[in-house]
Amino acid sequence: MEKIYITTAIPYVNGVPHIGHAMDYCLADTYARYERLIGNEVKFQAGTDEHGNKIYLKAKELGVPVEEYVAENARKFQNFVQELDVSYTDFIRTTDDEHVKRCQEIWRRLKEHIYLAKYEGWYCTGCERFVTEKECEENGGVCPDHQKPYEKLEEENYYLRISDFKERIFEAITSGEMLILPEFRKKEILKLLEDSPDVSISRPRSQLTWGVPVPDDDSQVMYVWIDALANYITVLGFPDQDISEWWPARAQFVGKDILRFHAIIWPAILIGLGLPLPRTLVSHGMVLSDGQKMSKSIGNVVDPMEVLNRHGLDAFRYFFLRHIDTFADSDFTWEKYEAAYNNELANDLGNLVQRLATLAMKNSIVLGEVKVEMEPEYSELMDAFEFSKAFDLVWEKVQGINREIDEEKPWMLAKNGEVEKLEECIKKLITELLSANLMLEPFIPNAAEKIKAIFNDPIVPPETPLFVKNK
Ligand code: MSP
């Protein structure tokens, strides 16, 4: 038995969950369930990222005390994770006292790699942030949101000396010690790493109040990414506790947009702390809505609760794990969602269960011991985090069993009184279904559980179909 630690990115709580947020959870949960299924012990973190100016300003705009605002939204995210039946073991909020204290200790331990320096750049007082030279130029020197010219501002920041770690990170990535998936992102990251300057890891308190105070310097507050990344180990108890039982993580799930933080700053922090690097960074693609990035201004943001309420959890997980490619950007549309539900879940799987259970009951089949098997090709895909491909493979099995029934026509065997052949045929088909069902467990655990229960002797078909089709 192995001990496996799995993590998910912690979302900002300056809004409510949208369907894109489901990806980290669905993928990590599938992996967690798969590892448990093959006999391993899993620790599984989830949480919320609650500091930073964006969140602070949002609370101010709404006229709500920031503590209340983040608590309320953190609850919404935790509810969402529970609605998805994510089998996490630990939930961390970056405003937890323990986390804050541990972050400060982490900062102290990194001190030899941290220095104070002046930063000069273009700043918008309305946005309370620096913009890059390029952004300033593109906007003609005026902030489009505030119609105010950018000001040249100088501020003091602490910097993390990335140059201290570059060579070691480069080596870890190229040797596969820290695997980056999908493989094609590796090149991008290596290029970014090569060009990466030292990174600013604090802001003056006058510019950022809602964050973890830098220890031993009252005038500075930690930049939100430092405090956010640290969650993966503070939740295990670092640095108060020995975390070697669980760390390094077997897999850290993140969206492709935040891979760079996880592949450069995060390893730098870990090396600075003398900790090993995660074994795998799994970066998934983006969920698009009607072919576009979801945004409030376009008005194409899809509410995950609406999707969940439409056909329930199995349908949700089915779509996001099979039809949203694990690594590439993929599109959500209601048409695709309905088609997947009606033609695949209801037709392919729901009908198959109904047909076989009815045949078994009508012919008084007693199943007895069944030997279910996970196929080697499935295991290989799951071990390689190719979840949507593994799901496709299982679905081909499901469709194959449907074809077999049509070809073998067990009802003809019954009609002709070929009892032994009939029993053999039905048992074989059910065994195949239950093997496919075993492989479905990590993806759609609830449906898989129901199917197992249906084929427990005596076999009784469900009164209502597992998936009720739309008229
Ligand atoms: N707070 C940071 C993460 C810190 S991790 C130490 C953050 N938060 S976020 O709310 O913007 O995103 C949280 C996760 O959701 C990220 O993995 C991000 O990639 C993912 N997604 C956000 N929108 C998404 C889609 N439209 N599609 C797929 N994943 C998306 O980044």
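Basis for what follows: all heavy atoms, side chains included, without hydrogens, waters or symmetry-related copies. Whatever order the structure lists ligands and atoms in, that order sets their numbers, starting from 1.
At under 3.5 Å, a nitrogen or oxygen of D49, whether backbone or side chain, sits near a nitrogen or oxygen of ligand 1. At least one N or O atom of D257, backbone or side chain, sits closer than 3.5 Å to an N or O atom of ligand 1. Residue G255 has at least one N or O atom closer than 3.5 Å to an N or O atom of ligand 1.
With respect to atom 25 (C) of ligand 1, the closest heavy atom belonging to the protein is G20 CA, 3.4 Å. Counting protein heavy atoms only, atom 27 (N) of ligand 1 is closest to V287 N, 2.8 Å. The protein heavy-atom contact nearest to atom 14 (C) of ligand 1 is D24 OD2, 3.1 Å. For atom 31 (O) of ligand 1, the nearest protein heavy atom (residue, atom name, distance) is I258 CG2, 3.5 Å. The protein heavy atom nearest to atom 3 (C) of ligand 1 is I10 O, 3.2 Å.
Judged by a 6.0 Å distance limit and a 45° cone about the ring axis, R33 is not positioned over the six-membered ring of F44.
Remark: E245 does not engage K43 in a salt bridge, criterion side-chain N to carboxylate O under 4.0 Å. For the pair R93 and D49, the salt-bridge criterion is not met [side-chain N within less than 4.0 Å of a carboxylate O]. A salt bridge does not link R161 with E112: every distance from a Lys NZ or Arg NE/NH1/NH2 to an Asp or Glu carboxylate oxygen is 4.0 Å or more.
Counting heavy atoms closer than 4.0 Å to ligand 1, residue H284 contributes side-chain atoms (C-beta onward) but none from N, CA, C or O. Only side-chain heavy atoms of W225 come within less than 4.0 Å of ligand 1; its backbone N, CA, C and O stay farther off.
Close contacts between ligand 1 and A228 involve ligand atoms 6 (C) [criterion: under 4.0 Å to a heavy atom]. With ligand atoms numbered from 1 in the order given, ligand 1 contributes 26 (N) to contacts under 4.0 Å with heavy atoms of M294. Interface atoms of ligand 1 facing G285, defined by a heavy-atom separation under 4.0 Å, are 28 (C).
Note on ring orientation: taking the six-membered ring where Trp is involved, the planes of F165 and H113 are tilted (angle from 30° to 60°). Below 30°, between 30° and 60°, or above 60°: for Y337 and F332 the angle between ring planes is between 30° and 60°, a tilted geometry. In this structure, W210 and H51 have perpendicular ring planes: the angle between them is above 60°, well past the 30° mark.
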Side-chain donor-acceptor pairs of residues 260-270 under 3.5 Å, sequence neighbours excluded:
from : atom 1 : to   : atom 2 : distance (Å)
H262 : ND1    : I258 : O      : 2.9
H262 : NE2    : Y232 : OH     : 2.7
W266 : NE1    : Q252 : OE1    : 2.8

D325/K389 under salt bridge (charged side-chain N to carboxylate O under 4.0 Å, His left out): CA gap, chis, key distance, verdict: CA-CA 8 Å; D325 186 277; K389 287 206 178 103; over 6 Å; no
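Judged as a side-chain hydrogen bond (donor to acceptor under 3.5 Å, both in side chains), the pairs with a partner in residues 14-26 (not counting sequence neighbours) are, in order, D24-H284.
Among Y232, Y12, F77, the residue whose heavy atom sits closest to atom 6 (C) of ligand 1 is Y232. Considering each of Q252, H18, K256, H21, the one bringing a non-hydrogen atom nearest atom 23 (N) of ligand 1 is H18.
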